[in-house]
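Structure, as structure tokens:
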Amino acid sequence: MKNSKGIIIPVTALIVIGIVMVYSSTALMSMGKYGNGFHFIWRHLFIIVIGFLTMFFLARVNYQKLMVFVIPLLVLSLALLILVFVPGIGVSAGGARRWIKLWPSTFQPSELAKITMVLFLADYMSRNASRMKSLRYGIIIPISVLIIFQGIILLQPDFGAAASLGILTITLLFIGGVRWNYIAGLALLSLPVIYKLVWSVSYRKDRILSFLDPWEDPLGKGFQLVQSFIAFGRGGLTGVGIGASKQKLFYLPELHTDFIFSLIGEETGIIGAAVVLCLFIWFFIKGIKIAQQTEDQFGYYLAIGLTMMIVNQALINFAVAVGAMPTKGLPLPFISYGGSAALINMAAVGILISILKSHGLQIANYNSWVRR
Amino acid sequence: MSYKRARKTDIRKLWDEEIIKSHDMNIRKRAAILTAIILFGFCVIFLRLVDLMVFKHETLIQKAQQQYQKVITLMPHRGMIWDRGMRELAINIETDSLYAVPSDVNDVNTLSKELAPLIRVSASRLISKLSSERKKSFVWLARKIDEETSLKVGSLKNKLKLKEIGLLTETKRYYPKGQLASHILGYTDIDNKGLEGVELRYDKYINGEKKNILITRDARGVNLSQGSEGDIPGNNLLLTIDEGLQNIVEREIEKAMETWRASAAVAIMMNPMTGEILAMANRPTYDPNSPAEADVHERRNRAVTDFYEPGSTFKVIAAAGVMDEGLVRLDEKFDVSKGFINVGGGKPIRDVHRYGVLSFKECVQKSSNVCLVQVGMRLGEKDFYKYVKKFGFGEKTGIDLPGEVNGFLRDPKNWSGRSLASLSIGQEIGVTPLQLLRAYSSIANGGNLMRPYIISEIISPSGEIVKRFTPAIERRVISEDTARVMRDILKTVVEVGGTAEKASIKGNLVAGKTGTAQIIDTKTGRYSSNDYVSSFVGFVPADNPRIALIVVIYKPRGATYGGVVAAPVFKNIVEHTLTYLNVPMDTEENYVILVSNPR
């Protein structure tokens, strides 16, 4: 595939690191729960394979055709988000209903909502490029769509997903040319809402407070964060060695999903963590380049949107792990165990490759490429 | 142009430079700004990683160690306690203790409800304990549980796959002979710390080095590695006690308690030549394996902690003093025909029986109060007090047992006009059974006051002798001649004019003295008319004493006289003891009669 190495290499590297770390983090837990160490890793590998198939399929599809699916996808996402609340279909865990049953595992519709939002915004902004300055087209319409999604997601409740969807939307609107003062105004308006949402729910409040000073209650509210710090601290320069983590034995909850970066830090040290950071930077820069070299607006916005969807989430995950952001349950793209996100992220990479392949093609050639 | 129309017409919409420029900022520039922000974000993350992983490396490693491992200190193996024949009196047995890791407990209520009946505590107490110690990584739930409970807890742990509780082996002090010698041995607390008896007195010797156990946590919950680090067992104690003699003594005073429905009883047996305690028994008693179940008065070692008014047994002090000072001849006559003697203030002192004229020897033999008051007065306050002190009254004997008291002895400055007379016949003084036995032992051994002791050797775990205790003479009390004469007197007391034929011993000469003293009623401050202390103290064989023995029976019912209550106990103990010790009989045919004057 033409020029697509630049994106496939970092993604594949991250996925390989992910496989190793998911195995390292789940083997013992899986042993204890299911009697064999491979329960999680087989599921993870299964998703990776499906993900690669999806990726290569989408890479061969003309991304422009995706425009057609924007409205059906919006409807599907909303439907699935609502299905979460239907008993028998929705799955609840830890007091939240975020998943729907899907053999062999579960699916998280908020992940689908994310990529749908990206597709919608790319399509919408490319069609209304000249009107993005206006309040109505630049803010009211897209934000209305966002609020519908966020509203349902908050009912699950999944504050993290709603917030990251919001950040992603604002980022894309910024790229789409919405006026600075509108964005600033929007941020100001959303502050009291965020405040209300956070401060009215005790566990969210606790998370903010423990983020501000995790050592105040290192065995209670600050436990997760403190344990994450200890994992990084133990890692030092070169790490304790893959598989040799002690933090994973007992201390770091949600290790294979939200705090897998801490495990990477502990087992491979700052060197390993830096490699992961660099791979994401590589991916990010490549994603932006793909966007910039794309000759049509839909492709431009789509490439930036998909790149940002992944990079935003990675940055939030890192920030949470190192205590630069309040704890939120977001997996690390390509690395964490977590079916839905892994699948969606790899689909996004497939679309990015498709955009990349369109570079330099005249319309005539392009159509022939599409037909191929 | 509506959204719908655009959809149909433009499949591929190329960039329109005008649109790009029409925005308040070039769209491509916005992408550059975004890139900068994101890269800045990555930089912040990296710097934070450097902070955590390089600069805070050491501190965080320490924190990690703290939570992976916890050192708990288990009490060490205590040394054993043996009798003089190295028979075990106190040993250690391994028992399980139940602990919990409260921070790992998910469901406090369920766990507590399951566990509580097994370890016999209330579920609510367990819940509050686990909740209040929630942040701790280790807490004892039940220490030193029995084997059955341990098995039940173990199977519950397996059944429910409980990782947050576990069993840890600890050593528990065990007294295989139960109540035997309990007042000597004492007992320990749950942490194996000595609380009474030699367990307390020699705690620092028999308590080994503390043992540190490192708890390491792992994925399956908690694993305890029981390192043997620092596990140095304590030294062993070799007592002077003879288990066989102790058994005899305990059995006999137990019988006496029943027979006389007494409130308490004490018997001490001593080697009068050396001061070694061979047996020391108290009733009531307790089982040191479960000291908490016993009452305080059952755990008291009355032999050293309680003093009583000795009565007639104390008369030998005045007699020995006046002899030793050479103020009397053995055959000197004392007129006691009046049957009473007036003393300074208060009622005159009377004899129980009227005697005519008694020789000095007969005075002691008959235990005549009137005569002994005269003897005491002849000695005078100063010298009498000197002999009382020399015989070791009013001061601790220095035995290696905790809680010993001085007894009660007033300084002559505070004596009333009656005091000298009272003291001569064993009143106005409080003595411990051990003090009195030691005084008699000095008569038995030729005049030396010995320091009584109960530990003969402290032996290290490897068998080396850490400390050896040897007989120690405190001081010479009376001359050897006086001692010999006193022995003869005590012997003749026994030989002639016997009123206690049932107290006779076959084959060996006994020297001894009975005592019956009234007890001062604490309510009225006067002598009680019902409550007596009956005692007998003596040694055998009289000419070459092997043992000295005192028997004290508190508040006997049905009879009060020492000759009736205490003398038979003395006789029984001595008979069994002489058999046990294989002491050759002085003569096959010689029946020695213990004579006991009621007073």
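We name chains A, B, ... by the order of the sequence lines, and we start the count at 1 in each one.
Atom-to-atom distance recorded for A:R234:CZ and B:M53:CE is 11.0 Å, nearest 0.5 angstrom. Atom CG of B:L49 is separated from atom CG of A:L277 by 6.0 Å, given to the nearest 0.5 angstrom. Taken to the nearest 0.5 Å, the CG atom of A:L172 stands 8.5 Å off from the CG atom of B:L34. With rounding to the nearest 0.5 angstrom, the CD1 atom of B:I61 is 11.0 Å from the CD1 atom of A:I230. Of the inter-residue distances, the one linking B:I37 atom CD1 with A:F174 atom CZ reads 6.0 Å to the nearest 0.5 angstrom. Between B:R48 atom CZ and A:F232 atom CZ the span is 9.5 Å, to the nearest 0.5 Å.
Taking each heavy atom of B:A31 and A:I304 in turn, the nearest pair found is CB-CD1, 4.2 Å.
Shown here is B:K129, whose NZ atom has more than 12 heavy atoms of other residues, nucleotides or ligands within 6.0 Å.
Both tests do not hold together for B:R30 against A:Y301: distance to the six-membered ring centre under 6.0 Å, angle to the ring axis within 45°.
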- Task: Begin from the C-alpha positions of B:H57 and A:L237 and carry the test side-chain contact (heavy atoms from CB on, under 4.5 Å) through to its verdict.
- Result: CA-CA 9 Å; B:H57 182 55; A:L237 270 183; over 6 Å; no
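Using a 4.5 Å cut-off between heavy atoms, A:A324 makes no contact with chain B at all. Neither the backbone nor the side chain of B:V44 comes within contact range of chain A, judged by heavy atoms closer than 4.5 Å. Both the backbone and the side chain of A:I175 come within less than 4.5 Å of a heavy atom of chain B. With a 4.5 Å cut-off on non-hydrogen atoms, A:V311 touches chain B through its side chain but not through its backbone.
Between B:F42 and A:F284, the angle of the ring planes lies from 30° to 60°, which puts this pair in the tilted group.
The candidate from B:D51, B:L52, B:T59 with the greatest count of non-hydrogen atom pairs under 4.5 Å with chain A is B:L52. Heavy-atom pairs under 4.5 Å with chain B were tallied for A:T171, A:I281, A:N312; the largest tally goes to A:I281.
A heavy-atom distance below 4.5 Å is not found between the side chains of B:K63 and A:V226.
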